[in-house]
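All heavy atoms count here, side chains included; hydrogens, waters and symmetry mates do not.
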Number of protein chains: 2
Amino acid sequence: MKDYSITDAVACLRAAGVPVTLQRVEIARVLFAQPVHLSADQILARVRESAPDTSRATVYNTLRLFREKRLVRALLVDAERVVYDSNTTLHHHLYDIDTGEVRDVAADEVMVTGTPRLPPGVELEQIDVILRVRSGRS
Amino acid sequence: MKDYSITDAVACLRAAGVPVTLQRVEIARVLFAQPVHLSADQILARVRESAPDTSRATVYNTLRLFREKRLVRALLVDAERVVYDSNTTLHHHLYDIDTGEVRDVAADEVMVTGTPRLPPGVELEQIDVILRVRSGRS
DNA sequence: GTACTTGCAAATTGTTTGCAGACAC
DNA sequence: GTGTCTGCAAACAATTTGCAAGTAC
């Protein structure tokens, strides 16, 4: 995670129009050092490694903010497992029901074709494709 | 809903290997009279129209049972909106973020092509495609 | 008659909110 | 200095669980 410096994180937040604070920088470093799929609690745990006094509420509030600013996407893989995806480029997901693991699937590996007729005035926001698999391993 | 009789519901449950009880029959009638996308609470409300003493816990337990028996699919359209889909044939979904409305999209309207390389021993369980749209109407 | 179901209420989990003190600028 | 953010704890919503009484077969 050291390849993503505090300076980089600050720049990223500023560019997105997010006021910079210590906690937001730490959360950004966890998310943007590399593409990850983490739950709010996993993010909290990682943030606390470097900023032990961070509260759960701050993580939730910050994740909501990041989502509004389009810095991360919430991915609904399971009713009790919402993960935050720091890869905002076009891609799909493979979800292992047994292990809970989430993997990216490149946009050219699985293609979605055809445009459904949308009612007038309705605009397409995003397309989610989730391949749910069972590995047997739990 | 009268086009889906109690006898039909009983037959459906028996065929799926689900022991028949009054509440399960009423829940089945709500779900299987026509294809629907309903939340647990909406299902509870409809069931209580004909069986007023049904408890919320029974609806949740029954929905879990139906899911295991592949009678319904849980659809994660929104973190705070899980709906149960009684259409188990191959199709996709269109979700209106503003109104919460869920519409079916025929399998031939949007096609998913390409088979991603799956790790060995992993088997594909299902593919979910959700088109998220904004209508502006709230 | 026996085992499985139900209803109720309490427990659990994931997330949001209110408020007083603390930090960014 | 001022307005925003944070931490804490309480509030909240959705779902699950334990247990005693009821029901299917």
Side-chain angles (χ1 to χ4, degrees), chain A residues 6-7 9-30 37-48 50-69 71-84 100, chain B residues 6-7 9-28 30 37-45 47-48 50-69 71-84 100:
Chain A
I6 290 176
T7 318
V10 169
C12 169
L13 295 179
R14 288 238 161 83
V18 175
V20 174
T21 69
L22 183 81
Q23 288 81 349
R24 288 173 186 172
V25 169
E26 289 309 315
I27 294 170
R29 290 178 67 208
V30 168
H37 305 104
L38 297 172
S39 70
D41 252 31
Q42 290 173 318
I43 293 168
L44 176 63
R46 295 208 187 176
V47 166
R48 281 187 171 164
S50 45
D53 292 346
T54 305
S55 89
R56 178 170 274 104
T58 297
V59 170
Y60 277 105
N61 290 336
T62 302
L63 286 172
R64 180 146 36 93
L65 183 63
F66 282 12
R67 229 186 310 156
E68 285 162 8
K69 298 296 187 179
L71 292 175
V72 296
R73 267 163 38 71
L75 202 78
L76 295 120
V77 289
D78 204 337
E80 53 282 324
R81 204 186 306 245
V82 177
V83 299
Y84 291 85
Chain B
I6 291 176
T7 319
V10 169
C12 168
L13 294 180
R14 288 238 161 83
V18 175
V20 174
T21 69
L22 183 80
Q23 289 81 348
R24 287 174 187 172
V25 168
E26 290 307 316
I27 294 169
V30 168
H37 304 105
L38 298 173
S39 70
D41 251 31
Q42 291 173 317
I43 293 168
L44 176 64
V47 166
R48 281 186 172 165
S50 44
D53 292 345
T54 305
S55 91
R56 178 170 276 104
T58 297
V59 169
Y60 277 106
N61 290 336
T62 302
L63 286 172
R64 181 146 36 94
L65 183 63
F66 282 11
R67 229 185 311 154
E68 284 163 8
K69 298 297 186 180
L71 292 174
V72 297
R73 265 162 41 70
L75 201 76
L76 295 118
V77 288
D78 205 337
E80 54 281 325
R81 203 186 308 245
V82 177
V83 299
Y84 291 86

The criterion is side chain to side chain donor-acceptor pair (under 3.5 Å); which residues satisfy it with [X], sequence neighbours excluded?
| X | value |
| --- | --- |
| Q42(B) | S39(B) |
| R56(A) | D41(A) |
| T58(B) | S55(B) |

Angle between the two end axes of the helix from dG1(C)-dC25(D) to dC25(C)-dG1(D), five base pairs per end, rounded to 10 degrees? 40°

I need the [atom1]-[atom2] distance between [X] and [N], as an integer number of Å.
| X | N | atom1 | atom2 | result |
| --- | --- | --- | --- | --- |
| L63(B) | dT6(C) | CG | C1' | 15 Å |
| E68(A) | dT16(C) | CD | P | 10 Å |
| R48(A) | dT6(D) | CZ | P | 14 Å |
| L44(A) | dT16(C) | CG | C1' | 15 Å |
| D78(A) | dT13(C) | CG | P | 16 Å |
| L76(A) | dG14(C) | CG | P | 14 Å |
| L65(B) | dC4(C) | CG | P | 13 Å |
| L13(A) | dC5(D) | CG | C1' | 14 Å |

Check the phosphate of dC8(C) against S55(B), side-chain N and O only, distance under 4.0 Å to OP1 or OP2. Yes or no? no

Taking 4.0 Å as the cut-off, does a side-chain nitrogen or oxygen of Q23(A) come that near to OP1 or OP2 on dC23(C)? no

Partner set under salt bridge (Lys or Arg N to Asp or Glu O under 4.0 Å) for R64(B), not counting sequence neighbours: none

Just to verify, what does R67(B) make a salt bridge (Lys or Arg N to Asp or Glu O under 4.0 Å) with, not counting sequence neighbours? none

Which pairs of donor and acceptor atoms, one on a side chain in residues 17-25 of chain B, lie under 3.5 Å apart (sequence neighbours left out)?
from, atom 1, to, atom 2, distance (Å)
T21(B), OG1, R24(B), N, 3.3
R24(B), NH1, P19(B), O, 2.8

Nucleotides 15-25 of chain D: which of its N/O atoms have a protein N/O under 3.5 Å away?
from, atom 1, to, atom 2, distance (Å)
dT15(D), OP2, Y60(B), OH, 2.3
dC25(D), OP1, R14(B), NH2, 3.0

Touch class at under 4.0 angstrom, heavy-atom based, for T54(A) against every strand present: sugar-phosphate

How far apart are the C-alpha atoms of V30(B) and E26(B), what are their side-chain angles, what is the distance that settles it, and do they pass the side chain to side chain contact (heavy atoms under 4.5 Å, CB included) test? CA-CA 6 Å; V30(B) 168; E26(B) 290 307 316; 5.9 Å; no

Run the side-chain donor-acceptor check on residues 74-84 of chain B: report pairs under 3.5 Å with partners two or more places apart or on a different chain.
from, atom 1, to, atom 2, distance (Å)
D78(B), OD2, Y95(B), OH, 2.9
R81(B), NE, Y95(B), OH, 3.2

From L71(B) atom CG to T62(B) atom OG1, the distance as rounded to the nearest 0.5 Å: 11.0 Å

